[in-house]
Engineer: 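This structure is in structure tokens; I'll ask about it shortly.
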Amino acid sequence: MDHLVGIRRDFVRCLAEKFGYNTTQDNVPVNETRREFSGDYTFVLFPYVKELRKSPAELGAVIGDWLVAHTDNIISYQVVQGFLNVSMSDGFWKHTLDDISSIKDYGSSPATGEKVIVEFSSPNTNKPLHLGHIRNILLGWSCARILEANGYDVIKTQVINDRGIAICKSMLAWQKFGNGATPESLQIKGDHMVGDYYVLFEKTFRTEYEMWQQSAEGQAIYQKLKKAGQDTDSFFKEYKNTYFNDYSVIGGEARQMLLDWEAGKPEVRALWHQMNGWVYRGFDETYTKLGVSFDCVYYESETYLLGKKAIDDGLQKGIFYRQDDGSVWVNLEDVGMDRKILLRSDGTSVYMTQDIGTAQKRYEDYGIRRMVYTVADEQDYHFKVLFEILRRMEEPYADGLHHLSYGMVELPTGRMKSREGTVVDADDLITEVISEVRTISEERGELAALPIEEQELILRQIGLGALKFFMIKVQPRKRMIFDPRESVDMQGQTGPYIQNAGVRIKSVLRKANTETAGSYDKYSDVSELEKALLRQLIQFPQVVKEAGINYDPSALANYAYQLARDYHRFYHEVRILNAPDAAAKNFRIALSGQVGRVLEKAFYLLGIEMPERM
RNA sequence: GGUCUCAUAGUUCAACGGAUAGAAUAGGAGUUUCCUAAACUCUUGAUCCAGGUUCGAUUCCUGGUGAGGCCA
């Protein structure tokens, strides 16, 4: 429901009546009046000045007079330059508050019956989750909730890359050096443990490689293949993959393990199940801490062979073509993209093939018409190509595909590099923000009287609130610099600042005994701060809608911040419980209640919890 | 080399083509007998460059510069 529908309609009616000019409500440029001018809403007159051949001043006066005379809501106006600023009556504000209070799920749209699948997180099983995953998870999760609020039936999913050479490296290292260790025996999360064996493999391999470089064989290769003037370091850096595939002992074992896995060799499969099982338990723990969950999971081990039939279909339809060597390609040059390989000459598929197959499988599984892929922007081109192919294949969901692309997370020192040990681990980060919150909370002493479990819950809510808000307030497509110090800030434009506004409201409502909240019919002189809050509340459904259309939770994050800021100001300026009269008190309590409700809902949509106290 | 994305206070972020470009942080100065001071008030400081479209451009278009990604 749009509370501005009324004034838009009146404006349109006025233009028709006074000037015989027809337009639609959607075309009416109406904004909130800027703080420095008096008025509540502003019509921009410039577009009509030319059309109607009237000066802005004249136009403003005619329309302003008409609006004041013909509507109950608008009580006065002022024309500044080409802007018509109108002031709304107390009645309008009170009715607005009534309306908002009466709407059950304010900000949500009715169900559309349309299903959408949202994919996010999508980790590899050989490494624990890190900072980049956190941004991905928060974006995907929040988008899922925002789409739900916009009436979609959302299915949340992740694709787990559980196969390939990487996990074989972990498996091999565990087999060689693990001595039967388990997460329980080592007292470590399973995903970290498996990640540690991956690192151990890489270390072992590197040692082996370095020794080989000194060997007669290594030196001979260097002398034979080096480019002019190339030194040993840069040569062997480039040669690493070839060495892994053609010479390395441990590399050969890992590759053999992959072959055994593909052949379904029981011992290898059993080990693979066991290690991935450890990883999943570790991931789930992290997901739980972050407060997210999935409706279904796709494993690459089950999808990596999909898509080959689609290639046959495409070949028959003439969308793809086969080269002499047997490889299959698609030519997208007519739309400014390249030729792209879909099936190698040996018949093996590439990522693209697999993604085509997975999309089809999802359609079969759920009948969805829309899919959202939350993947970093380094994959922009991949998804452009994928979507174009699916369009050409005339898949029924081809028009509902969206790549929720986001910029990489960098540290103040640059990109995270596992080689340099600068990868920020998700679990470590969460632990760190919570411990930071604990320190500050202890200084404040506000929670000291609460039971210990409740204290812990609140500390988690605040710590994660700080971290999540910090990451989600930035527009997805922008690259972000992550400074760990700033992520635990709790003053200013932060999660805890907004939580604090929510907590204040809860405290006020507790003391007010809300069930006895009475009428505010007699309230007059609605203050500027109160109007500002109501203008914000009116905006909320639109913000939710736009966040959905643009797949942009940051809009909602910034909205929540502004609403919280206006509430803090209001709170300082006026007395709520000790208001001068009952009508004022009731109005302010009701207003506080609605601000609290919207803040909580906005945070819900961002995946951030609102504590009871802090 | 081709192509995509980004560029706003010292720093981190905002601004459906609309008024004097907003916040936060950092620095300085204040606010507590009163509903939670993780708050509030005051103060210093910015649109990468050159054109174009427009009544009006941070926003749209063209070219350049810088940073990053993808492809080769």
Side-chain angles (χ1 to χ4, degrees), chain A residues 26-27 29-31 33-37 39 42-50 55-56 80-83 85 336-340 376-385 405-408 410 412 414-415 437 440-441 443-447 462 465-466 469-483 485-512 539 542-543 546 549-550 554-555 557-559 561-562 564-565 567-579 585 588-589 592 611-614:
Chain A
D26 296 339
N27 292 329
V30 53
N31 302 312
T33 301
R34 295 184 66 125
R35 212 172 271 282
E36 56 269 36
F37 300 97
T42 296
F43 296 101
V44 184
L45 299 173
F46 293 110
Y48 306 103
V49 166
K50 217 175 177 182
S55 74
V80 183
Q81 318 248 358
F83 300 93
N85 301 327
M337 293 183 243
D338 304 299
R339 290 157 191 258
K340 198 84 194 171
D377 64 2
E378 55 190 357
Q379 303 281 346
D380 281 355
Y381 186 68
H382 174 82
F383 282 101
K384 249 178 96 174
V385 171
S405 167
Y406 61 91
M408 308 283 275
E410 292 178 16
R415 270 183 92 150
V437 169
I440 291 172
S441 178
E443 282 169 22
R444 283 165 52 88
E446 198 76 46
L447 303 178
I462 298 172
F469 188 85
F470 179 75
M471 298 203 75
I472 216 159
K473 72 176 180 183
V474 181
Q475 284 175 8
R477 72 163 173 283
K478 294 209 178 173
R479 230 162 13 124
M480 73 176 279
I481 314 275
F482 184 90
D483 187 336
R485 287 196 314 268
E486 290 171 11
S487 71
V488 294
D489 274 351
M490 280 166 268
Q491 283 165 10
Q493 198 180 25
T494 66
Y497 174 94
I498 299 165
Q499 288 173 325
N500 186 230
V503 163
R504 280 182 148 174
I505 290 167
K506 288 186 179 185
S507 175
V508 166
L509 295 181
R510 264 196 301 271
K511 292 189 174 156
Q539 277 300 103
Q542 191 59 30
V543 174
E546 278 170 18
I549 290 168
N550 301 323
S554 76
N558 286 304
Y559 169 84
Y561 170 69
Q562 282 168 27
R565 195 187 47 184
Y567 189 80
H568 278 307
R569 283 183 185 158
F570 160 79
Y571 182 89
H572 270 269
E573 194 68 28
V574 306
R575 311 277 77 219
I576 299 168
L577 298 177
N578 302 320
K585 178 176 164 184
R588 287 168 189 170
I589 289 171
S592 296
E612 283 299 312
R613 298 161 206 276
M614 62 193 286

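Each chain gets a letter, A, B and so on, in the order the sequences are listed, and its residues count up from 1. FYI, side chains are in, hydrogens and waters are out, and symmetry mates aren't considered; it's all heavy atoms of this structure.
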Engineer: Between A:Arg477 and A:Asp377, is there a side-chain heavy-atom distance shorter than 4.5 Å?
Structural biologist: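 Side chain of A:Asp377 against side chain of A:Arg477, heavy atoms only: no contact under 4.5 Å found.
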
Engineer: Please give the distance between the C1' atoms of B:rA9 and B:rA24 as a whole number of Å.
Structural biologist: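 Going atom to atom, C1' in each nucleotide, I get 12 Å.
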
Engineer: Given the P atoms of B:rC16 and B:rU11, what is the spacing between them in whole Å?
Structural biologist: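 Straight-line distance between the two P atoms is 23 Å.
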
Engineer: From C-beta outward on A:Glu36, which listed nucleotide comes closest to its side chain: B:rU20, B:rU36, B:rC55?
Structural biologist: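 Closest nucleotide among those given: B:rU20.
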
Engineer: What interatomic distance, in whole Å, is found between P of B:rA14 and the corresponding atom of B:rA23?
Structural biologist: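 Rounded to whole Å, the distance is 16 Å.
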
Engineer: A:Met480 and side-chain contact (heavy atoms from CB on, under 4.5 Å): which single residue from A:Glu410, A:Lys473, A:Met471 fits?
Structural biologist: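 Among A:Glu410, A:Lys473, A:Met471, the one meeting side-chain contact (heavy atoms from CB on, under 4.5 Å) with A:Met480 is A:Met471.
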
Engineer: For the C1' atoms, the ones on B:rA21 and on B:rA15, what distance do you get once it is rounded to whole angstrom?
Structural biologist: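 To the nearest whole Å, 7 Å.
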
Engineer: Grab the two heavy atoms, one from A:Ala555 and one from A:Val543, that are nearest each other, plus how far apart they are.
Structural biologist: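 Heavy-atom minimum between the residues: O-CG1, 4.1 Å.
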
Engineer: To the nearest angstrom, how far is A:Asp483 atom CG from B:rU11 atom C1'?
Structural biologist: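 Nearest whole value for this atom pair: 10 Å.
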
Engineer: What's A:Ile462 touching, base or sugar-phosphate or nothing? Going by heavy atoms closer than 4.0 Å.
Structural biologist: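 Here A:Ile462 touches the bases of the nucleic acid.
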
Engineer: Is any side-chain heavy atom of A:Gln499 less than 4.5 Å from a side-chain heavy atom of A:Ile462?
Structural biologist: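 Yes; the side chains approach each other to less than 4.5 Å.
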
Engineer: Mind calculating the distance between CD (A:Gln562) and C1' (B:rA23) to the nearest angstrom?
Structural biologist: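 Taking atom C1' of B:rA23 as the reference, CD of A:Gln562 is at 8 Å.
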
Engineer: Heavy atoms only: give me the nearest A:Phe469-A:Gln493 pair and the separation to one decimal.
Structural biologist: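 Shortest heavy-atom contact: CE2-O, 3.8 Å.
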
Engineer: Testing the 3.5 Å rule here: is there a donor-acceptor pair between the side chains of A:Asp380 and A:Ser405?
Structural biologist: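 Yes.
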
Engineer: Mind checking if A:Asn550 touches a base, just sugar-phosphate, or nothing, with heavy atoms under 4.0 Å?
Structural biologist: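 Answer is nothing: A:Asn550 stays at 4.0 Å or more from every strand.
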
Engineer: Mind checking the P distance from B:rC13 to B:rG51? Whole angstroms is fine.
Structural biologist: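 Per the computed distance, 30 Å lies between those P atoms.
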
Engineer: Between A:Phe469 (CZ) and B:rC13 (P), how many Å, whole number?
Structural biologist: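 In whole Å, B:rC13 P and A:Phe469 CZ are 13 Å from each other.
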
Engineer: Each nucleotide N or O in nucleotides 15-17 of chain B that has a protein N or O under 3.5 Å away: list the pair and distance.
Structural biologist:
unit_1 : atom_1 : unit_2   : atom_2 : d
B:rA15 : OP2    : A:Gln475 : NE2    : 3.1

Engineer: When you check every protein heavy atom under 4.0 Å of nucleotides 67-72 of chain B, what one-letter string (B, S, -) results, 5' to 3'?
Structural biologist: SSSS--

Engineer: Looking only at atom C1', what distance separates B:rG45 and B:rG28, rounded to whole Å?
Structural biologist: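 Roughly 13 Å separates the two C1' atoms.
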
Engineer: In this structure, how many angstroms lie between the P atom of B:rA19 and the CZ atom of A:Phe43, rounded?
Structural biologist: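 Interatomic distance, CZ of A:Phe43 to P of B:rA19: 17 Å.
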
Engineer: Mind listing the closest non-hydrogen atom pair of A:Lys478 and A:Val474 along with its distance?
Structural biologist: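 Looking at all heavy atoms of both residues, the closest pair is CB-CG1, 4.1 Å.
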
Engineer: Could you report the tightest heavy-atom contact between A:Tyr497 and A:Gly492, atom names first, then the distance?
Structural biologist: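 Taking A:Tyr497 first and A:Gly492 second, the nearest heavy atoms are CB-O, 2.9 Å.
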
Engineer: Wobble G-U and Watson-Crick pairs count when both distances are under 3.5 Å; given that, what is the 5' to 3' dot-bracket string of RNA chain B, with | for pairing to other strands?
Structural biologist: (((((((..((((....[...)))).(((((.......)))))....(((((..]....)))))))))))).

Engineer: Do A:Asn558 side-chain atoms and A:Ser554 backbone N/O form a donor-acceptor pair below 3.5 Å?
Structural biologist: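 Present.
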
Engineer: Provide, to the nearest angstrom, the distance between the CE atom belonging to A:Met480 and the C1' atom belonging to B:rU5.
Structural biologist: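 So the two atoms are 17 Å apart, to the nearest Å.
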
Engineer: Check whether any side-chain nitrogen or oxygen of A:Arg477 sits under 4.0 Å from OP1 or OP2 of B:rC4, and answer yes or no.
Structural biologist: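 No, no such contact exists.
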
Engineer: At under 4.0 Å, does any side-chain N or O of A:Tyr497 touch on OP1 or OP2 of B:rC40?
Structural biologist: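 Checking A:Tyr497 against B:rC40: at least one side-chain N or O falls below 4.0 Å of OP1 or OP2.
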
Engineer: Report yes if some heavy atom in the side chain of A:Phe470 is under 4.5 Å from a heavy atom in the side chain of A:Thr494; otherwise report no.
Structural biologist: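 No, every pair of side-chain atoms sits at 4.5 Å or beyond.
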
Engineer: Please classify the nucleic acid contact of A:Val474 as base, sugar-phosphate, or nothing, using heavy-atom distances under 4.0 Å.
Structural biologist: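 Touches sugar-phosphate only.
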
Engineer: With a non-hydrogen cut-off below 4.0 angstrom, is A:Lys384 in contact with a base, only sugar-phosphate, or nothing?
Structural biologist: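 No contact at all - A:Lys384 keeps every heavy atom at 4.0 Å or more from the nucleic acid.
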
Engineer: List the residues meeting ring pair (Phe, Tyr, Trp, His ring centres under 6.0 Å) with A:His382, not counting sequence neighbours, and say none if there are none.
Structural biologist: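 For A:His382 there are no ring pair (Phe, Tyr, Trp, His ring centres under 6.0 Å) partners, ignoring immediate neighbours.
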
Engineer: Taking only the C1' atom of each, what is the distance from B:rU58 to B:rU41 in whole angstrom?
Structural biologist: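 Pairwise C1' distance, B:rU58 against B:rU41, rounds to 30 Å.
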
Engineer: Rounding to an integer number of Å, can you tell me how far A:Met614 CE sits from B:rA37 P?
Structural biologist: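 The distance from CE of A:Met614 to P of B:rA37 comes to 12 Å, rounded to the nearest Å.
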
Engineer: If you pin A:Lys50 and A:Ile481 to their nearest nucleotides in RNA chain B, which one's is more 5'?
Structural biologist: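 Its nearest nucleotide being more 5', the pick is A:Ile481.
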
Engineer: From CD1 of A:Ile440 over to P of B:rA39, roughly how many Å is that when rounded to an integer?
Structural biologist: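 It works out to 11 Å between those atoms.
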
Engineer: Please step through side chain to side chain contact (heavy atoms under 4.5 Å, CB included) for the pair A:Glu612 and A:Arg510, ending with a clear verdict.
Structural biologist: CA-CA 11 Å; A:Glu612 283 299 312; A:Arg510 264 196 301 271; 3.7 Å; yes

Engineer: If we only count heavy atoms from C-beta on, is the A:Val508 to A:Tyr571 side-chain gap below 4.5 Å?
Structural biologist: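 Side chain of A:Val508 against side chain of A:Tyr571, heavy atoms only: contact under 4.5 Å found.
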
Engineer: Describe the nucleic acid contact of A:Pro56 in one word from base, sugar-phosphate, nothing, applying a heavy-atom distance below 4.0 Å.
Structural biologist: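 Nothing, no heavy atom under 4.0 Å.
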
Engineer: What string of B, S and - do you get for nucleotides 24-35 of chain B 5' to 3' if you count protein non-hydrogen atoms under 4.0 Å?
Structural biologist: SS--------BB

Engineer: Using a 4.0 Å heavy-atom cut-off, does A:Ser405 contact any base of the nucleic acid, only the sugar-phosphate backbone, or nothing at all?
Structural biologist: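 The residue A:Ser405 makes no contact with any strand.
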
Engineer: Any stacking of A:Phe83 on B:rG18, going by centres under 5.5 angstrom and planes within less than 30 degrees?
Structural biologist: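 Answer is no, no stack.
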
Engineer: Mind checking the P distance from B:rU32 to B:rA37? Whole angstroms is fine.
Structural biologist: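 Their P atoms lie roughly 12 Å apart.
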
Engineer: Looking at side-chain heavy atoms only, is the closest gap between A:Tyr567 and A:Ser592 below 4.5 Å?
Structural biologist: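 Yes, close enough: below the 4.5 Å cut-off.
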
Engineer: Suppose we screen for side chain to side chain contact (heavy atoms under 4.5 Å, CB included). Which residues come up paired with A:Phe46, at least two apart in sequence or across chains?
Structural biologist: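 Result, side chain to side chain contact (heavy atoms under 4.5 Å, CB included) vs A:Phe46: A:Val44, A:Phe83.
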
Engineer: Can you tell me if A:Lys473 touches the phosphate of B:rC13, counting only side-chain N or O atoms and a distance under 4.0 Å to OP1 or OP2?
Structural biologist: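 For A:Lys473, the contact criterion (side-chain N or O under 4.0 Å from OP1 or OP2 of B:rC13) is not met.
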
Engineer: Do A:Arg613 and A:Glu446 sit within salt-bridge range, that is, some charged N less than 4.0 Å from a carboxylate O?
Structural biologist: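 The answer is no: the pair does not qualify as a salt bridge.
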
Engineer: Nearest to the side chain of A:Asn500, heavy atoms from C-beta on, is which of B:rA19, B:rU12, B:rU36?
Structural biologist: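 Of B:rA19, B:rU12, B:rU36, B:rU36 is nearest to the side chain of A:Asn500.
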
